[in-house]
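I have placed the structure first, in the form of structure tokens, so that the comments after it can refer back to it.
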Protein chains: 2
Amino acid sequence: MSCVNEFAPQLRARGFRATPQRMVILHVLRHAGGHLTPSQVFEQARIDLPGLTEPTIYRTLEFLATSGFVLAAHVGNGKMVYELAEAQHHHLICRHCGASTEIEHAPLETLYHQLEVTTGYRLDSSHVTLFGLCPACQS
Amino acid sequence: MSCVNEFAPQLRARGFRATPQRMVILHVLRHAGGHLTPSQVFEQARIDLPGLTEPTIYRTLEFLATSGFVLAAHVGNGKMVYELAEAQHHHLICRHCGASTEIEHAPLETLYHQLEVTTGYRLDSSHVTLFGLCPACQS
DNA sequence: ATCCTTATTGCAAGTTTTTGCAATTGTATC
DNA sequence: GATACAATTGCAAAAACTTGCAATAAGGAT
């Protein structure tokens, strides 16, 4: 749990609270390599904090996502998944076998800038998920 | 309803059936300018076809999406929305006011090709949703 | 026109996600 | 440290979505 101490001051500095629930959820996300569904987070987090309830999981994940601490993404099946927002990246999912590959943000930068100019929007560092067939499933 | 007649032969040619449920749902999507949630489709469609049930809405929308007749997208709130797959496009959503702008597919072509080369995946004509602040909300 | 096959639907029950509100508990201030 | 304010949580109930399976009906063959 000491590995998520960095988040407490960051939360407080923005007027939020560093509650045990949030710390445990961040801790779970940090130690899961990759993205987790709300149910998976719930399973893990309730071990460290037995009183934890499901509505709290959903609300906390949404809160952490909109505050930029975690990244929310869709991976094809209509389920939302969450992961720590460490490095800006995107996902490429094989719609046949479900394999998932990370895409660096760099190749998207040019496109982002171009779209900002043509649309007038200021783009967030949003999470993009692309779908396709992985090399193994192209037969 | 005659405006969705074009879909019946397209369905049958691929071994699917042109059921009243599918026709009504396609009809609803055609006459709704823009994307609808499953509940909105349900509300509209049950007027023309009273027996229609919710599971059928969800299953039909998913079926139409994976067969390429409609486009499925996420617009920020974790809800899935659907619209007729007429022209290949993407969405740019303002995370402050919810305004939504369509993005042509053309500017993404180069990027798609580049990613196909570097990852080995063959990309679908997938739907991408980007988030940002619209001109009016940048204050 | 009728029959047959099988894709598709409806039903009922389950799971997942959201919402409103009262009770709790962080944190800033004294 | 004790106090007060407001953010956050838990509870309970509702809404949204999914799943399994038996009944239906679309479309091809006779």
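The chains referred to below are lettered A, B, ... by the order of the sequence lines, with proteins before strands, and numbering in each begins at 1. Keep in mind that the numbers below use all heavy atoms, side chains included, and drop hydrogens, waters and symmetry copies.
- Taking the centre of each ring, B:F42 and B:Y58 stay at or above the 6.0 Å mark.
- Residue B:R22 is classed as a sugar-phosphate contact, given heavy-atom separations below 4.0 Å to backbone atoms only.
- The backbone N or O of B:L123 lies less than 3.5 Å from a partner atom in the side chain of B:E116, making a donor-acceptor pair.
- Residue whose closest nucleotide on DNA chain D sits further toward the 5' end, between A:Q21 and A:P55: A:Q21.
- When DNA chain D is scanned in the 5' to 3' direction for atoms under 4.0 Å from non-hydrogen atoms of chain A, the outermost contacting nucleotides are D:dA6 to D:dA12.
- The minimum heavy-atom distance linking B:Y82 with B:A65 is given by the pair CE2-CB, 4.2 Å.
- Nucleotide C:dT8 holds its P atom 11 Å from the CE atom of B:M23, rounded to whole Å.
- Using a distance-only test at 3.5 Å, with no hydrogens or angles considered, a donor-acceptor pair links the side chain of B:T119 to the main chain of B:Y121.
- Cation-pi check for A:R22 over A:F7 is not met; the charged atom does not lie both under 6.0 angstrom from the ring centroid and within 45 degrees of its normal.
- In this structure, NZ of A:K79 is placed 6 Å from C1' of C:dT16, rounded to the nearest angstrom.
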Review point. Could you write nucleotides 22-30 of chain C as a row of B, S and -, 5' to 3', where a protein heavy atom under 4.0 Å of any base atom gives B, of only sugar-phosphate atoms gives S, and otherwise -?
Key: ---BBS---

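- Side-chain contact check for B:L26 versus B:V70: some heavy-atom pair is nearer than 4.5 Å.
- Going from atom CG of B:L64 over to atom C1' of C:dA7 covers 14 Å, rounded to whole Å.
- Between B:H89 and B:H105, the ring center distance fails the sub-6.0 Å criterion.
- Residue pairs meeting the salt bridge (Lys or Arg N to Asp or Glu O under 4.0 Å) criterion with at least one partner in residues 73-91 of chain B, sequence neighbours excluded, are B:R30-B:E86.
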